[in-house]
Asker: 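Let me begin by handing over the structure; questions about it come next.
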Amino acid sequence: MAEKSLSELPRELRGLYTKGHDAFQRDNFDYAIELYSQVLAREPALHEVRKELRAAQLKNAGGRGFMKKMWNSASSQPIIGKGRLALANHPAEALAIAEQVLNTDPSNSGAHRLVVDAARAMQMPHTAAMSLEILFRNSPKDVGLAIELANALAETGEPRRGETILAELYRANPTNNDLAQALKDLSARKTLDEGGYDSLADGTGSYRDILKNESEAKSLEQQNRMEKSEDVLERQIKELEARLKLETKNLKLVRSLAELYTQKKQFDRALDYYERIKSSDLGNDPTLDKAIAETVSRKIEHEISQLDPNAPDYPEKLGVLQAEKQTYQLAQCQKRVERFPTDLQIRFEMGQLYFQAGKITEAIAEFQKAQNNPHRRVTAMNFLAQCYARKKMFDLAARTLQNAIKEKPVFDEEKKELVYNLAGVLESLGKKDEAFEQLKLVFEVDSSYRDVGARVEKYYGGQA
C-alpha cells in the first residue's frame, strides 16, 4: 500500500480532516484525535494525517502525571498482544490497535514497535520511520535501534539525517563495529541517492553517469571504514590522488583525501586539502569550517598522546597544549558564529566551548540563542540552567529546568539529568523537601542513577 499525501485525501474525508485540523488548532486534542482516527480508519496510508494525529496525542498527554503514564503502560499490554496476533494476516487492524494505545499513551514503546511492524507489512516507510524516531527518543543509547532508524530515514529519502544520528552515537561509542559498518553502508547509499538516477529520470543524465557514481560510491564505501590498516589507507590515497590529476575539479575527491590523511594522522596534508576546498566556490560551507577545526583539534590531541607522562615537564607541556586547543576551538567557533550568525547549531557549540572554558557570562548569551533551535532546545536549556546555577542565580536555574522538564513527556536519560539537576538547584535554594521530591521521581524509574539511591535511602533513614 503506497503512502498518500494530503493532496490525495479523498473528497468524502476532507470534511472530517478539516474539522480535526481546526480542533487541533484550538487545542481541542480529544476531538482532533477522534476525527483523525476516523480518517485513518478509512485511509491508513495518509501519513501526513497520522503525523498530525501523533502531534495531537503527544500534546494531549503532556499534562498527565508519571503514575498515570505508568498505569497506561501496564494496562496496554493485553491490547498490544491482541495487535500482535492480528499482525500476520491483518496488518491494517494491528496498526489501528496500536493507535488505540497511543491515543492514551503516545510514547508507549510496545505500541510504536507494533506500528513499525504493521507499517512495514503495508509498505508504509514514512509511518514506520515516524514511530522509530519515538522509539529511539525513548532509548537514545540503543545502537540497534539507531541503525534501524537511520536505514528507515534513508528509505524515506533522508539519508543525511540518518547519517547524523549514527555519527553522533558513534562519537560516544568509537569502538562499536556495528555502528562503523552501518555508517559506511549509509554513506555509500547516500552517494548513490545523490548520484545520477534523478537526472536519468528527467532526461538530463545518462547510464554512464550512473555507472561512474556507482563506482565512486564503492570507492567511498571503502574510504569510510572507521578502522583501516596503513596499507589500505596508503593504497586508497594513491588511487584518489591519481584520479585527482585527471579530475582536477572533483572536490569530493579532495575532501575524501583530507579525511584519509586525517585518519593517517598526517594532519598538515589533510589541512592542505581542506584549504583547497576553502579557496573554491564551495568554501563558504559551515560544515567545512567545522571539519577544519576538528582536524586541528585532533592534531593537538595527537600531540598530547605523544607526550611522555613520566617526563618531569609533562604537566607543563600538557597544560600548554590543552590551553592551545581550547583557545583555537574558541577562536574558530567565534569566526563561524560571525560568518553564520543565524546558525543556532553553531551558537550551541559556541556555548559549550564557553562553558568548558569557564566563561559563563558568554555561555549564557549563546545558550539563550541556541534554545530557539528545536533540535537543541532542551539540551541548551539544561546548559543554561547550569550556567545560572554557577552564577548563583538559583531561581532562574530552577525555572529554566522546570520549563525544560515540561517539554520532555518521556522519562529518558535526558529527563533524568534535568530532574536531578533541578533537585540540586532546589537544595541550593534551601528547599530540601522539594529537592527530595525530585530525587524520588528519578528513583522511581532508575534507582541506580548517579547517587540518587544513596541519597533517597539516607533521607528515609534520617526520618527513622
Side-chain angles (χ1 to χ4, degrees), residues 160 163-177 179-184 186-187 220 222-238 240-241 251-279 282-283 285-309 311 314-337 339-340 343 345-346 348-357:
R160 288 185 179 276
E163 193 175 40
T164 299
I165 289 167
L166 294 184
E168 288 183 358
L169 196 56
Y170 184 77
R171 279 195 287 272
N173 302 272
T175 60
N176 190 298
N177 292 329
L179 275 174
Q181 182 69 35
L183 259 174
K184 177 199 73 173
L186 197 61
S187 181
L220 287 172
Q222 279 191 316
Q223 296 159 24
N224 287 327
R225 292 187 189 278
M226 296 305 164
E227 295 178 4
K228 300 183 177 81
S229 69
E230 284 296 312
D231 289 343
V232 173
L233 280 172
E234 192 64 40
R235 186 168 64 250
Q236 289 178 348
I237 286 171
K238 287 180 178 179
L240 293 186
E241 287 183 333
L251 296 180
K252 186 180 289 185
L253 293 179
V254 176
R255 188 147 188 171
S256 295
L257 279 164
E259 292 168 357
L260 288 169
Y261 273 117
T262 298
Q263 291 178 50
K264 199 172 168 61
K265 296 183 173 57
Q266 293 186 15
F267 301 105
D268 291 334
R269 293 291 300 276
L271 291 168
D272 286 342
Y273 278 112
Y274 278 129
E275 287 302 326
R276 183 168 171 176
I277 306 173
K278 193 74 179 158
S279 61
L282 299 179
D285 178 358
T287 66
L288 178 62
D289 292 334
K290 185 176 181 180
I292 292 172
E294 288 178 348
T295 301
V296 174
S297 297
R298 288 182 64 176
K299 178 183 177 182
I300 298 172
E301 289 167 2
H302 179 65
E303 291 174 3
I304 290 173
S305 72
Q306 299 303 300
L307 295 177
D308 180 4
Y314 174 75
E316 180 183 350
K317 288 185 176 180
L318 177 63
V320 169
L321 287 172
Q322 288 177 334
E324 180 185 343
K325 177 185 173 183
Q326 189 175 81
T327 301
Y328 173 80
Q329 288 179 324
L330 280 168
Q332 291 303 308
C333 198
Q334 184 59 54
K335 288 179 182 177
R336 291 167 62 212
V337 166
R339 290 184 63 201
F340 309 100
D343 191 322
Q345 172 59 30
I346 300 176
F348 177 78
E349 293 169 15
M350 189 80 250
Q352 284 184 304
L353 290 171
Y354 277 140
F355 185 81
Q356 292 163 8

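It should be emphasised that the depicted structure is a prediction, and the values quoted were computed from it without experimental measurement. If you read the sequence from its start, that first residue is 1, and numbering goes on from there.
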Asker: Would you say that Gln329 contacts Val296 through its side chain, given a criterion of any heavy-atom pair below 4.5 Å between the two side chains?
Answerer: no
Asker: Side chains of Arg298 and Lys265, heavy atoms from C-beta outward: is any pair under 4.5 Å?
Answerer: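 Result no, sub-4.5 Å side-chain heavy-atom pair not found.
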Asker: Looking at Asp289 and Arg339, is any side-chain nitrogen of the basic one under 4.0 Å from a carboxylate oxygen of the acidic one?
Answerer: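 Salt bridge: yes.
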Asker: Just say parallel, tilted or perpendicular for the rings of His302 and Phe267, cut-offs at 30° and 60°.
Answerer: tilted
Asker: For the residue pair Glu349 and Gln345, confirm or rule out a side-chain donor-acceptor distance under 3.5 Å.
Answerer: yes
Asker: What is the minimum heavy-atom distance between Asn176 and Leu179, and which atoms define it?
Answerer: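 In terms of heavy atoms, the two residues are closest at OD1-N, 3.0 Å.
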Asker: Can you check whether Thr262 reaches Arg269 side chain to side chain, under 4.5 Å on heavy atoms?
Answerer: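 Not in contact.
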Asker: Check whether the side chains of Gln181 and Lys184 place a donor and an acceptor atom closer than 3.5 Å, and report yes or no.
Answerer: yes
Asker: Shortest non-hydrogen contact from Ile300 to Lys325?
Answerer: CD1-CA, 3.6 Å
Asker: Does any part of the side chain of Glu324, heavy atoms only, come nearer than 4.5 Å to the side chain of Leu321, both counted from C-beta?
Answerer: yes
Asker: Just checking Glu316: does its CD atom have more than 12 heavy atoms from other residues, nucleotides or ligands closer to it than 6.0 angstrom?
Answerer: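 No.
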Asker: Quick one, Leu251 and Val254 - any side-chain contact, counting heavy atoms below 4.5 Å?
Answerer: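 Counting from C-beta outward, Leu251 and Val254 do come under 4.5 Å.
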